[in-house]
There are 2 protein chains.
Amino acid sequence: MSNLADRIEEYLKKVLGQAEEGYIILQRGFLADTFSCAPSQINYVLTTRFTAERGYLVESRRGGGGYLRIVRLGLDPEGKFQRLMAELIGDELSQDRANNLIERLEEEEIFTKREAILIKSIFADRILDEIVPSPEILRARMMKEILANMCRDDINI
Amino acid sequence: MSNLADRIEEYLKKVLGQAEEGYIILQRGFLADTFSCAPSQINYVLTTRFTAERGYLVESRRGGGGYLRIVRLGLDPEGKFQRLMAELIGDELSQDRANNLIERLEEEEIFTKREAILIKSIFADRILDEIVPSPEILRARMMKEILANMCRDDINI
DNA sequence: TTTTCTATTGACCATCACTGACTTTGTGAC
DNA sequence: GTCACAAAGTCAGTGATGGTCAATAGAAAA
């Protein structure tokens with residue numbers, strides 16, 4: 001039932017659909033004015049509708065000349081990333097499981113060899129154990145974030 | 001976007017890019033006149049955009065005949081990683097400093113664009129704050145580990 | 001009806017850009 | 001040396017953004 005949040009979502013997706021670059025840049029205050037609502041309503045829409053799981057990334061900057069940048073992620077045909085991300089939500093990832101996953105993704109050419117080495121190196125227990133109370137949760141969280149960013153339309157492998 | 005500070009930054013980088021010697025010399029007052037702004041705005045741009053992490057060095061002189069000298073620092077081939085680790089990373093690394101450093105290393109072609117995005121994404125406060133007691137220590141640790149691995153001979157950019 | 005989930009707002013916070021008043025330092029004339 | 005002038009430096013204050021969170025309202029489900 002077209003409530004405000006739904007209408008803002010629809011509007012943003014329409015504008016995003018027309019953007020050739022795969023992203024749009026706009027101001028929170030402008031949007032809030034356009035829809036005559038509280039600025040924080042925009043944050044609500046962004047955090048509930050434009051998440052990585054749904055295929056979007058949001059970046060922003062505060063201060064004078066601040067902005068919101070909404071990026072549409074290139075979705076792989078099989079929705080493989082989405083499934084992976086869903087699996088990783090709230091989940092834990094051991095060093096072994098992480099290594100297996102990363103190697104698999106390297107074979108599938110989702111990651112380059114360098115990227116695989118990079119990720120594995122920082123996921124090592126040797127690095128995390130002393131500093132992080134629950135390394136397994138951090139790995140899952142980071143892995144999800146990496147997957148989301150690797151689907152970005154504005155970069156190429 | 002495109003606020004004053006960004007435009008001044010862009011202008012200085014353009015001029016610097018055309019300078020054969022790797023540095024430029026100019027006057028603060030002249031710049032301020034050119035952009036019709038307060039002279040202190042120039043200092044703002046210099047201290048926020050032309051930092052060591054981003055690979056710049058700024059020298060100046062007051063009084064009659066005063067000037068600003070902006071130097072683009074290269075990475076010396078000998079022991080560049082060691083120097084970076086020692087001087088720029090240290091034991092703690094904030095998100096801002098990390099971003100500056102990563103972007104600089106991307107410009108120096110030590111990281112690809114994808115690698116830079118990958119690292120920046122997992123270094124975000126948004127990711128680390130909830131899970132890690134001292135994100136700054138973890139970033140420093142990870143950044144050093146990444147640099148050590150990216151310098152391996154068996155992988156190439 | 002009662003409960004639970006979703007939407008909306010407003011008060012307060014954090015960050016970034018920019019300015020102006022005041023300070024410090026270098027140069028040159030005397 | 002001293003003075004006047006001509007740079008650049010510093011810093012606190014202001015305004016323009018976006019962010020967060022708790023409280024409330026509304027809608028849907030039980």
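Treat the numbers as computed from the prediction; the structure is a model and nothing was measured. In what follows, chains are A, B, ... by sequence order, proteins preceding strands, each numbered from 1.
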Rounded distance in Å - CD (B/Glu59) to P (C/dT25) = 18 Å

Closest to the A/Arg62 side chain, choosing from C/dA17, C/dA7, D/dT17 | D/dT17

Separation of atom CG in B/Asp125 from atom C1' in D/dG18, rounded to whole Å | 15 Å

Side-chain polar contacts of residues 120-131 of chain B - donor-acceptor pairs under 3.5 angstrom, sequence neighbours left out - could you list them?
| from | atom 1 | to | atom 2 | distance (Å) |
| --- | --- | --- | --- | --- |
| B/Lys120 | NZ | B/Glu103 | OE2 | 3.0 |
| B/Ser121 | OG | B/Ile117 | O | 3.4 |
| B/Ser121 | OG | B/Leu118 | O | 2.7 |
| B/Asp125 | OD1 | B/Arg139 | NH2 | 2.4 |
| B/Arg126 | NH2 | A/Glu145 | OE2 | 2.8 |
| B/Glu130 | OE1 | A/Arg141 | NH1 | 3.4 |

Could you check which of C/dC16, C/dC18, C/dA7 has an atom nearest any side-chain atom of B/Asp96?
-> C/dC16

Of the listed D/dG9, C/dC18, C/dA7, the closest approach to the B/Leu68 side chain comes from D/dG9

Nucleotide nearest A/Asn3 when distance is taken to its side chain, options D/dG9, C/dT8, C/dA17 = C/dT8

Here the gap from B/Thr112 atom OG1 to A/Arg114 atom CZ, rounded to the nearest 0.5 Å, amounts to 6.5 Å

Whole-Å gap separating P (D/dG9) and CD (B/Gln41) = 14 Å

Answer whether the closest heavy-atom distance between the side chains of B/Val15 and B/Ile70 falls below 4.5 Å.
-> no

Interface residues of residues 27-37 of chain B with DNA chain C (non-hydrogen, below 4.0 angstrom) = B/Cys37

What integer distance in Å separates A/Asn43:CG from C/dA7:C1'?
-> 14 Å

How long is the line joining CG of B/Leu4 and P of D/dG15, in whole Å?
-> 18 Å

Find the distance B/Arg97:CZ to C/dT15:P and express it as a whole number of Å.
-> 17 Å

Candidate nucleotides D/dT10, C/dG10, C/dC18, ranked by approach to the side chain of A/Ser40 - the nearest | C/dG10

Please state how far atom OH in A/Tyr67 lies from atom C1' in C/dA17, giving the value in whole angstrom units.
-> 14 Å

